[in-house]
Amino acid sequence: MRKVIVDKEKCREVALLMKDFSFKHPETKRDFQDLEKELFYLFTVVGICHQINWNFLMKALKDIQENYPSKFTPQYMQEISDKEIYDWLSAYPKKWRLEKRFKRGELVRDMCGVLTHKYEGRVENVLRTSENKMGGKNGLYTLLKNFQAYGEDPLCKKSAVFIDLIDRFGLWEFSDWDNYIPPIDYQITRIALRNGVVEVKDPELLKKLENNASVTQEEDTVIRSAVIDALAEMTKISNRHSKDLQGFYWALGRECCDSDNPRCVFCETSNCSVSAYMNINCGSRCPLVNVCKAAKNKELLKIREQNFETTFY
């Protein structure tokens with residue numbers, strides 16, 4: 001028996017609702033004076049974005065790039081110390097998430113070392129080698145596996161985020177979006193588990209999710225793989241791109257369906273992530289409240305995301 005399955009009927013119900021949604025994205029295409037500068041910035045940000053706030057990390061590294069440009073280069077950063085990376089991010093309030101076990105210094109040195117020695121220090125050369133493809137032997141997913149930060153995750157979460165961002169910003173174009181793998185993190189799995197598009201059949205794993213107990217890497221992969229399959233199912237029915245559905249689920253997880261305090265029908269948040277991804281007046285209710293298993297069965301709200309300490313997300 002599979003530990004986690006896709007509920008195709010629930011996927012259909014949710015997809016038919018989302019078919020009428022109007023999606024948008026906070027990141028928009030704009031002109032860049034220096035393509036490589038922006039590519040390297042995003043490559044670095046995504047590569048060390050785990051266990052840390054995305055907005056904080058983007059600003060912190062942009063400040064370094066603008067104020068200390070000679071340091072924000074592959075040549076310099078291939079030998080950067082753990083302490084210097086820590087100093088760059090030291091304003092982050094959750095200091096334990098900057099500890100050495102999260103390997104940011106190690107990951108930066110590896111990314112920049114591979115970039116310097118194999119691609120003449122240019123992210124653009126990696127992209128050109130891919131010939132504008134994500135999949136296949138020389139596609140970007142395969143090429144990025146040579147970088148530790150991007151290759152550790154068997155489900156390629158960081159690679160997908162990087163692809164999505166450089167597409168949205170108009171930095172690069174790809175010709176094979178059918179090979180796109182939506183990036184799945186804990187925010188998205190929490191929504192999928194509670195909403196019911198995936199269902200945990202293994203009693204031991206379900207107990208772990210309810211009690212916030214640690215899961216294994218194998219269990220983490222099983223859960224996220226099922227969510228990827230559920231999004232693929234919803235994509236077929238809704239005729240929406242999986243990028244849109246993934247971004248929407250992520251926004252719901254960030255704003256509406258908190259681990260401990262889900263706001264199903266009452267929310268006072270203004271300018272939230274959901275409004276950044278949708279043209280909608282939610283009326284202070286979760287947009288999926290009418291098709292959510294947990295909204296109808298409060299016992300299911302005990303289910304949390306998987307507790308897995310990782311450098312993947």
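Sequential numbering from 1 along the given sequence is applied to the chain's residues. These values consider heavy atoms only, across backbone and side chains, with no hydrogens, waters or symmetry-generated copies. The model shown is predicted, which means the values in this text are computed figures rather than measured ones.
Partners of His241 by side-chain hydrogen bond (donor to acceptor under 3.5 Å, both in side chains), not counting sequence neighbours: none found. With sequence neighbours excluded, no residue forms a side-chain contact (heavy atoms from CB on, under 4.5 Å) with Glu131. Not counting sequence neighbours, the partners of Glu84 by the salt bridge (Lys or Arg N to Asp or Glu O under 4.0 Å) test are Lys71. Under the rule for a side-chain contact (heavy atoms from CB on, under 4.5 Å), the partners of Asn261 that lie at least two apart in sequence or sit in another chain are Asp258, Arg263. The salt bridge (Lys or Arg N to Asp or Glu O under 4.0 Å) test applied to Glu124 returns Arg122, Arg128, not counting sequence neighbours. The side-chain contact (heavy atoms from CB on, under 4.5 Å) check on Thr73 picks up Gln75, Tyr76, with sequence neighbours excluded. Residues that satisfy the salt bridge (Lys or Arg N to Asp or Glu O under 4.0 Å) test with Lys100, not counting sequence neighbours, are Asp82. The ring pair (Phe, Tyr, Trp, His ring centres under 6.0 Å) search around Phe162 returns Phe43, not counting sequence neighbours. Remark: Glu173 pairs with no residue by the salt bridge (Lys or Arg N to Asp or Glu O under 4.0 Å) rule, at least two apart or across chains.
Under the 30°/60° scheme for interplanar angles, the aromatic rings of Phe174 and Trp177 are found to stand perpendicular. Ring pair Phe72/Phe40 is perpendicular by interplanar angle, where above 60° counts as perpendicular and below 30° as parallel. In this structure, Phe56 and Tyr92 have tilted ring planes: the angle between them lies in the 30° to 60° band.
Sorted by first and then second residue, the pairs that involve residues 304-313 and meet salt bridge (charged side-chain N to carboxylate O under 4.0 Å, His left out), not counting sequence neighbours, are Arg101-Glu309, Arg190-Glu305, Asp260-Arg304. Screening residues 273-298 for salt bridge (charged side-chain N to carboxylate O under 4.0 Å, His left out) gives Asp7-Lys293 as the qualifying pairs, with residues at least two apart or on separate chains.
A salt bridge links Asp153 to Arg224: at least one charged side-chain nitrogen sits closer than 4.0 Å to a carboxylate oxygen. A salt bridge does not link Glu218 with Lys3: every distance from a Lys NZ or Arg NE/NH1/NH2 to an Asp or Glu carboxylate oxygen is 4.0 Å or more.
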Under the salt bridge (charged side-chain N to carboxylate O under 4.0 Å, His left out) rule, what do Glu199 and Arg2 come out as? Steps first, then yes or no, please.
CA-CA 10 Å; Glu199 182 179 353; Arg2 296 182 64 181; over 6 Å; no

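Annotation for Leu301: hydrophobic cluster partners, listed by chain and number, are none (ILVMFWY side-chain heavy atoms under 4.5 Å, direct or chained).
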